[in-house]
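Notes follow once the structure below has been shown.
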Amino acid sequence: MSRRDRTAGEVLVRRLYAEHGAALLAYATRLSGDRAAAEGIVRETLRRAWTEPAALSEERGAVRAHLFGLLRSVAGAPADPLPMLGAIGTLAPEEREVLNQLYFHGRDVKEAAASLGLPAETVKSRSYQALRRLREALAADVTMEAAG
């Protein structure tokens with residue numbers, strides 16, 4: 001790899017991290033349950049993005065969506081998002097919005113609370129309830145698939 005290519009790749013990775021790093025790290029932390037592991041997952045995701053810069057062109061779809069797909073692959077998460085999307089659809093709108101702020105926007109509880117105009121305790125409670133409902137819905141989906 002030439003010095004010019006390496007420099008362009010470094011610029012790409014820095015730009016991707018600046019634009020999407022917080023959301024990727026939040027999502028990886030939720031998937032892995034461990035901040036240190038999540039940091040490694042994000043590093044590997046960005047390394048893979050560096051090796052496939054053509055896959056990150058806006059012409060091929062949203063860059064963020066591609067990065068999240070790479071991250072799920074690196075983390076070993078299921079590739080099929082349909083069960084999760086179905087489960088998210090069963091949540092109350094206020095629970096979905098809290099999860100959106102925390103996991104897709106990469107905000108912490110205080111930031112999400114400020115953005116939503118809610119007390120931090122309400123954000124925590126809604127997040128807890130939403131995640132509990134998602135686990136139950138996904139567990140029910142897995143049980144139905146095993147039976148069918």
Side-chain angles (χ1 to χ4, degrees), residues 9-148:
E10 289 172 12
V11 168
L12 170 70
V13 169
R14 288 180 194 279
R15 182 181 60 86
L16 291 173
Y17 186 78
E19 293 176 15
H20 309 287
L24 290 170
L25 185 58
Y27 186 57
T29 301
R30 300 307 185 250
L31 287 176
S32 68
D34 177 12
R35 173 75 182 223
E39 289 171 355
I41 291 167
V42 170
R43 272 193 302 276
E44 178 60 18
T45 298
L46 293 174
R47 188 197 65 76
R48 288 188 188 183
W50 181 9
T51 63
E52 305 173 25
L56 297 174
S57 84
E58 290 292 342
E59 297 164 3
R60 295 194 56 181
V63 170
R64 191 177 198 116
H66 181 71
L67 288 171
F68 274 84
L70 278 175
L71 188 140
R72 281 190 299 277
S73 173
V74 169
D80 184 7
L82 291 179
M84 178 62 82
L85 291 174
I88 289 172
T90 67
L91 298 175
E94 58 272 7
E95 291 175 337
R96 282 195 305 269
E97 187 55 33
V98 164
L99 293 184
N100 185 37
Q101 292 292 316
L102 294 172
Y103 299 107
F104 296 106
H105 289 282
R107 295 186 170 126
D108 64 24
V109 171
K110 287 182 182 179
E111 293 168 334
S115 175
L116 296 168
L118 298 169
E121 291 303 317
T122 301
V123 170
K124 289 179 188 178
S125 175
R126 287 183 183 174
S127 172
Y128 173 81
Q129 293 299 324
L131 292 173
R132 185 178 57 78
R133 290 183 220 283
L134 286 176
R135 278 191 292 276
E136 290 170 358
L138 292 171
D141 188 51
V142 167
T143 302
M144 289 176 56
E145 284 180 12

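Across all non-hydrogen atoms, the minimal contact from Ile41 to Ser32 is CD1-CB, 4.0 Å. The nearest pair of heavy atoms linking Leu99 to Ser127 is CD2-OG, 4.2 Å. Nearest heavy-atom pair, Ala49 versus Leu67, reported as atom, atom and distance to 0.1 Å: CB-CD2, 3.9 Å. Scanning both residues, Ala112 and Arg107, for their nearest heavy atoms gives N-CB, 4.0 Å. Nearest heavy atoms, Ala28 versus Ala38: C-CB, 3.5 Å.
At least one side-chain heavy atom of Leu71 sits under 4.5 Å from a side-chain heavy atom of Leu31. Between Arg48 and Ser73, some side-chain heavy-atom pair lies under the 4.5 Å cut-off. Annotation: side chain of Arg35 is in contact with side chain of Leu25 (closest heavy-atom distance under 4.5 Å). Looking at heavy atoms from C-beta onward, Arg126 lies in side-chain contact with Leu118 at the 4.5 angstrom threshold.
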Just distance, no hydrogens or angles: give the donor-acceptor pairs under 3.5 Å from side chains in residues 86-96, sequence neighbours left out.
{"residue": "Thr90", "atom": "OG1", "partner": "Ala87", "partner atom": "O", "Å": "2.6"}
{"residue": "Glu95", "atom": "OE1", "partner": "Ala92", "partner atom": "N", "Å": "3.4"}
{"residue": "Glu95", "atom": "OE1", "partner": "Arg133", "partner atom": "NE", "Å": "3.3"}
{"residue": "Glu95", "atom": "OE2", "partner": "Arg133", "partner atom": "NE", "Å": "3.1"}
{"residue": "Glu95", "atom": "OE2", "partner": "Arg133", "partner atom": "NH2", "Å": "3.2"}
{"residue": "Arg96", "atom": "NH1", "partner": "Leu91", "partner atom": "O", "Å": "2.5"}

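With no hydrogens or angles considered, a side-chain donor-acceptor pair links Gln129 and Arg132 at under 3.5 Å.
Taking 4.0 Å as the cut-off between side-chain N and carboxylate O, Arg14 and Glu10 do not count as a salt-bridged pair.
Here Glu97 contributes atom CD and Leu116 contributes atom CG; the two are 5.5 Å apart, rounded to the nearest 0.5 Å. The CD atom of Glu39 lies 9.0 Å from the CG atom of Asp34; values are rounded to the nearest 0.5 Å.
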